[in-house]
Amino acid sequence: MEEVPHDCPGAESAQAGRGASCQGCPNQRLCASGAGAAPDPAIEEIKEKMKTVKHKILVLSGKGGVGKSTFSAHLAHGLAEDENTQVALLDIDICGPSIPKIMGLEGEQVHQSGSGWSPVYVEDNLGVMSVGFLLSSPDDAIIWRGPKKNGMIKQFLRDVDWGDVDYLLVDTPPGTSDEHLSVVQYLAAAHIDGAVIITTPQEISLQDVRKEISFCRKVKLPIIGVVENMSGFVCPKCKKESQIFPLTSGGAEAMCRDLKIPLLGKVPLDPHIGKSCDKGQSFFIEAPDAPATLAYRIIIQRIQEFCSPHQSKEENLISS
Amino acid sequence: MCSEGLWSLENTQPPNFCFSPELGNLADVQHIILVLSGKGGVGKSTISTELTLALHREGKKVGILDIDLCGPSIPRMLRAQGRAVHQCDRGWVPVFVDREQSISLMSVGFLLENPDEAVVWRGPKKNALIKQFVSDVAWGELDYLVVDTPPGTSDEHMAVVEALRPYRPLGALVVTTPQAVSVGDVRRELTFCKKTGLQVVGVVENMSGFVCPHCAECTNIFSKGGGEELAQLAGVPFLGSVPLDPVLTRSLEEGHDLTQEFPKSPAFPALTSIAQKILDGLPARLS
């Protein structure tokens, strides 16, 4: 991939070809002609590719470390428990891919097939794709600016042989920047069911999550609901609960009420969840009766319910 | 300007100054410390804030530059939310947190009209604001400038390293939590430091255990020891572990006067020792 001059206003910009940094750029004339402003042909190609993918769900959070990847992984495990449901998990956290480790796939490589890159399969019905599979060593840092990250995301959506999939789950990095804009733009024509927003109970996290919600509204991305993670810690010795991340402002519940969005559930902080992630195992198998497992299951069911009316609508359209 | 400009805030466009960068707003800054971590939510902002307070208690003049443009948390932690940034003939005047004006702060949080507004910016726009933060903030005389960064190894990090490279000494403090997942991301961050020629001052392990307030049992919620192992592996100094302290989290949340609250926390001795190691070791290591 080419290096883009870092003051490049972007081919879609009104300044394209006219900015100070465009002087001397080989694409200056092309950009100035406005040809670059046409919609990216990849959007149509991705729409074609996504025809075999029924539901697309983004997992978002303004804040880092609140458990997006943990939740994405467990949502994937939970959905894939039904053998007839085909699940794909795409990790677009380009600079900090943790999905391979959480799914127990560290060191795996992506294979090239006639129809594109093949995802790495955990189970027959659970495929995973991450930039982590493209790195040669766990120390490799991906020091990429926006345009290069966007190119990678485009490739993941367009060039991966996802096959027939019921759910495509997209795990994102924290923030509201390149990766988020790109995935929403590239999937614009293919229809995204909605976003699940993860938060922890503290105000410092909710403050960033409100920004994420304002992002969703700006880009017209439907919000499936909010999951409050790390909602209290039960001491393994005395079994009493404490709030490690105190809910000073009423937590996610109050925020959801204020902003009129559904709260999908609260997942308690269980030290075993982190350990399962470190070992790359499903927490559901490790601790089938834990309160956190039950909380996850209810949330997953709500997400399925959110997606299913859309499904029947589309089926009706096809049959009519 | 850009097509994504539609989604961004017009009023956050930084004003243009008639001022030349040669004046060097960082000329009187003795040391610059970048607080980095590949992973989000490991406590970069908390450590930046606590380190600033610890250095302040040692009698140092400290500034914090918050370059997490999409999720600025420092203003809330230091109870400086809603304060305005003023201009002087040397550029932007940072916000002073304490009455003695010995802690100063600059963050995109001060430039937003509505705190819930998302800063939906792609790389080039973020880079431009960071460059401006580096060159146009009138810090004055500082012993330490602590730079709090967003997670990852991308635009913001490259922009700030590029912009700060001419100013030395410059070092990176790398924060991790003890879990393997976090340590994995931080290994990549150390590679970033190596590739960009950034000196690693040391590794700090945050959230290293939680003491149950009911029965005093210490649980390593996020396991333990990952930070030290990582530091050994990478051949960089390990500066210490900071325990999880819900009382301090609450004070950070509510923006209490941390200069008063902080010394009562179990995190305080840990941070003081880390600050001391930085005070003793940094000038020698980076010279």
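Residue numbers begin at 1 in each chain, while the letters A, B, ... track the order of the sequences.
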With only heavy atoms counted, which part of [X] is less than 4.5 Å from chain A, the side chain, the backbone, both or neither?
X: Lys195(B); answer: side chain
X: Pro150(B); answer: neither
X: Pro115(B); answer: backbone
X: Asp185(B); answer: side chain
X: Lys194(B); answer: neither

For [Y], does its backbone N or O pair with a side-chain atom of [X] as donor and acceptor, under 3.5 Å?
X: Thr176(A); Y: Val119(B); answer: yes
X: Glu212(A); Y: Ala118(B); answer: no
X: Arg122(B); Y: Glu179(A); answer: no

Report the distance from atom [atom1] of [X] to atom [atom2] of [Y], rounding to the nearest 0.5 Å.
X: Cys95(A); Y: Glu189(B); atom1: SG; atom2: CD; value: 9.0 Å
X: Arg76(B); Y: Ile204(A); atom1: CZ; atom2: CD1; value: 6.0 Å
X: Ser45(B); Y: Lys63(A); atom1: OG; atom2: NZ; value: 6.0 Å
X: Lys148(A); Y: Ser154(B); atom1: NZ; atom2: OG; value: 10.5 Å
X: Arg145(A); Y: Glu156(B); atom1: CZ; atom2: CD; value: 10.0 Å
X: Asp155(B); Y: Asp178(A); atom1: CG; atom2: CG; value: 5.5 Å

With only heavy atoms counted, which part of [X] is less than 4.5 Å from chain B, the side chain, the backbone, both or neither?
X: Lys68(A); result: neither
X: Ile102(A); result: side chain
X: Asp93(A); result: neither
X: Asp139(A); result: both

Notebook entry, point to check: If you tally heavy-atom pairs under 4.5 Å against chain B, which of Ile143(A), Asn150(A), Asp208(A) wins?
Noted result: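 Heavy-atom pairs under 4.5 Å are most numerous for Ile143(A).
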Next item on the list: Heavy atoms only, distances under 4.5 angstrom: which of Gly67(A), Ser182(A), Gly175(A), Gly280(A) has the most pairs with chain B? Name it, please.
Entry: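 The option with the most such pairs is Ser182(A).
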Next item on the list: Could you give me the CA-CA distance, side-chain angles and deciding distance for Thr191(B) and Asp140(A), then say whether side-chain contact (heavy atoms from CB on, under 4.5 Å) is met?
Entry: CA-CA 7 Å; Thr191(B) 308; Asp140(A) 271 5; 5.6 Å; no
Check: Side chains of Asn114(B) and Lys211(A): closer than 4.5 Å at any heavy-atom pair?
Finding: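 Asn114(B) does not reach Lys211(A) side chain to side chain.
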Notebook entry, point to check: Top residue by heavy-atom pair count (under 4.5 Å) with chain A, among Gly40(B), Ser37(B), Pro72(B)?
Noted result: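 Heavy-atom pairs under 4.5 Å are most numerous for Gly40(B).
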Item checked: Among Ala234(B), Ser73(B), Gly38(B), residue most engaged with chain A (heavy-atom pairs, under 4.5 Å) ->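 Among Ala234(B), Ser73(B), Gly38(B), the one with the most close pairs to chain A is Ser73(B).
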Notebook entry, point to check: Thinking salt bridges, do Glu117(B) and Lys218(A) make one under a 4.0 Å N-O criterion?
Noted result: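 Judged by the 4.0 Å cut-off on N to carboxylate O distance, Glu117(B) and Lys218(A) do form a salt bridge.
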